[in-house]
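Letters go in sequence order (proteins before strands), and every chain restarts at 1.
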There are 2 protein chains.
Amino acid sequence: MPRLADHDARRAEIVEALWRVLRRDGIAGVSVRTVAAEAGLSPTALRYYFPTQDALLQTAMVETVTSGAARVVPLLAQAADRTGVERMLLELLPVDERQRADPEIYLALAAHARSSPALAAISEETGAGIRRLAHRAVGILAGSGELRADLDVETTACCLDALLQGLIFQGCARPCLTSPEEIRRTLTGYLDQICCAGTPTKGSGPTR
Amino acid sequence: MPRLADHDARRAEIVEALWRVLRRDGIAGVSVRTVAAEAGLSPTALRYYFPTQDALLQTAMVETVTSGAARVVPLLAQAADRTGVERMLLELLPVDERQRADPEIYLALAAHARSSPALAAISEETGAGIRRLAHRAVGILAGSGELRADLDVETTACCLDALLQGLIFQGCARPCLTSPEEIRRTLTGYLDQICCAGTPTKGSGPTR
DNA sequence: TAGGTTCTGGTACAGCCGTACTAGCAACGT
DNA sequence: ACGTTGCTAGTACGGCTGTACCAGAACCTA
């Protein structure tokens, strides 16, 4: 077996090229040829690794989601109070250039879901994941006693879920209107709303 | 001057055809030909009213936004307390089939903004409009004395803004996961959170 | 060195895209 | 009745799309 190139590494390179094109030109700019050119390959070479365009888009979206999950899950595991919850949730939001990529790609592909049932399924599943995350977050706050006693856990989790998705959407679709600082401030503000006033959480504010 | 067809009516028909295609097949299914066929016209006839595809997309998006605004603005004008605010905000969310159309179209076009600066501008402006609306809503609650005294108006408005956009995104992008009842419940739940517990708001408890 | 496998570049095919042109139809003013 | 004008259908062009085929280069094994 000659020319044993690392297939997974090659696929990763191609997916990253797709991400670059996607962020630069939107989903409309993504084609087999443009992505291949971005990756420095011929369309045929790309097709060797991804037999069809839909497969490419699918793995690109899955890769994006798992990338985000890889960042969040460890933080979730070690989060035990509001400070930990806030740190974890911030990792999900487009608050800096590095983290901005994932949601942007995710949104672009989610919008394309009507054209591809596979993408729709991934999008739905991602949404469910964020919802679970919101539930876990509220559960942690309830467990640590920081959640206001008069709040329903279920409803609060739904609110947090919607808030997160809204911040993601705003931060990606309208970066000019929504600065990272504002995203941080809004998340902190909401946690202030749902947490007991007695708990001194101000320390979690200045992130710098 | 013969055959004096009502241009505006014709344009409206075409825009509605575009909406139907957009909701059925996503932005990828929208082309001059498909929209023309949906409207029962030849591509040439369509081109007579919209000289270019971008113009068509632009007016479709503007029309969507103004359609939503036309529903919300009167409700905003007469909203003086939480009940009015809630009614107004519900008009903005995809809680029934009729109202689902606007946000769906808006989202699809917003996602396409990277390919068209004009769409991006409209999208940004729409976002600013929703933000203003959130501010007005919180302002009304503050004016009626229903807003919790310990809450910052500015921060609460940002939270409400993000929550609304999140609900819109969820309701449109993942209708299977987010039922209209849940959207209503989440909005009510959030208003419960930011309003004084003392104020007896209708059905603010268990929605069913 | 010969053989066999993995990989890649070039080329080709339909098909759809946006846009443009041109001829012709329908209706109104005169 | 007739020309003028508003409007529409047909057709065509170049370009880009996804996909497919095929010859050949690169490399390991023997």
If you check every side-chain atom of A/Tyr48, which of D/dC7, C/dC17, C/dC7 has the closest atom?
C/dC7
So, is B/Arg47 close to the C/dG18 phosphate, meaning a side-chain N or O under 4.0 Å from OP1 or OP2?
no
If you check every side-chain atom of B/Tyr49, which of D/dT19, D/dT8, C/dG18 has the closest atom?
D/dT8
Verify salt bridge (charged side-chain N to carboxylate O under 4.0 Å, His left out) between A/Glu146 and A/Arg82, making sure each step is shown before the conclusion.
CA-CA 7 Å; A/Glu146 287 164 299; A/Arg82 166 169 170 172; over 6 Å; no
Counting only distance, no hydrogens or angles, is the base of C/dG18 paired donor-acceptor with the side chain of B/Arg33 under 3.5 Å?
yes
Give a yes/no on whether any side-chain N or O of B/His7 is located under 4.0 angstrom from OP1 or OP2 of D/dG6.
no
Applying side-chain contact (heavy atoms from CB on, under 4.5 Å) to B/Arg87 and B/Leu90, what does each step give before you reach the verdict?
CA-CA 5 Å; B/Arg87 195 188 349 255; B/Leu90 273 177; 5.9 Å; no
Any base atoms under 4.0 Å from A/Ser42, or only sugar-phosphate, or nothing? Heavy atoms, all strands.
base
Is there a side-chain contact between B/Arg10 and the phosphate of D/dG6, meaning an N or O under 4.0 Å from OP1 or OP2?
no
A/Thr52 side chain near D/dT19 phosphate (N/O to OP1/OP2, under 4.0 Å):
yes
Whole-Å gap separating C1' (D/dA9) and CG (B/Leu41):
11 Å
Determine whether a donor-acceptor pair (one donor, one acceptor, N or O, separation below 3.5 Å) exists between the side chain of B/Thr44 and the base of D/dG10.
yes
B/Gln53 side chain: which of D/dG18, C/dT19, D/dT17 is closest?
C/dT19
Taking for each residue the nucleotide of DNA chain D bearing the nearest heavy atom, is the 5' side occupied by A/Pro51 or by B/Ala45?
B/Ala45
Does CZ in B/Arg136 sit with more than 12 non-hydrogen atoms of other residues, nucleotides or ligands closer than 6.0 Å?
no
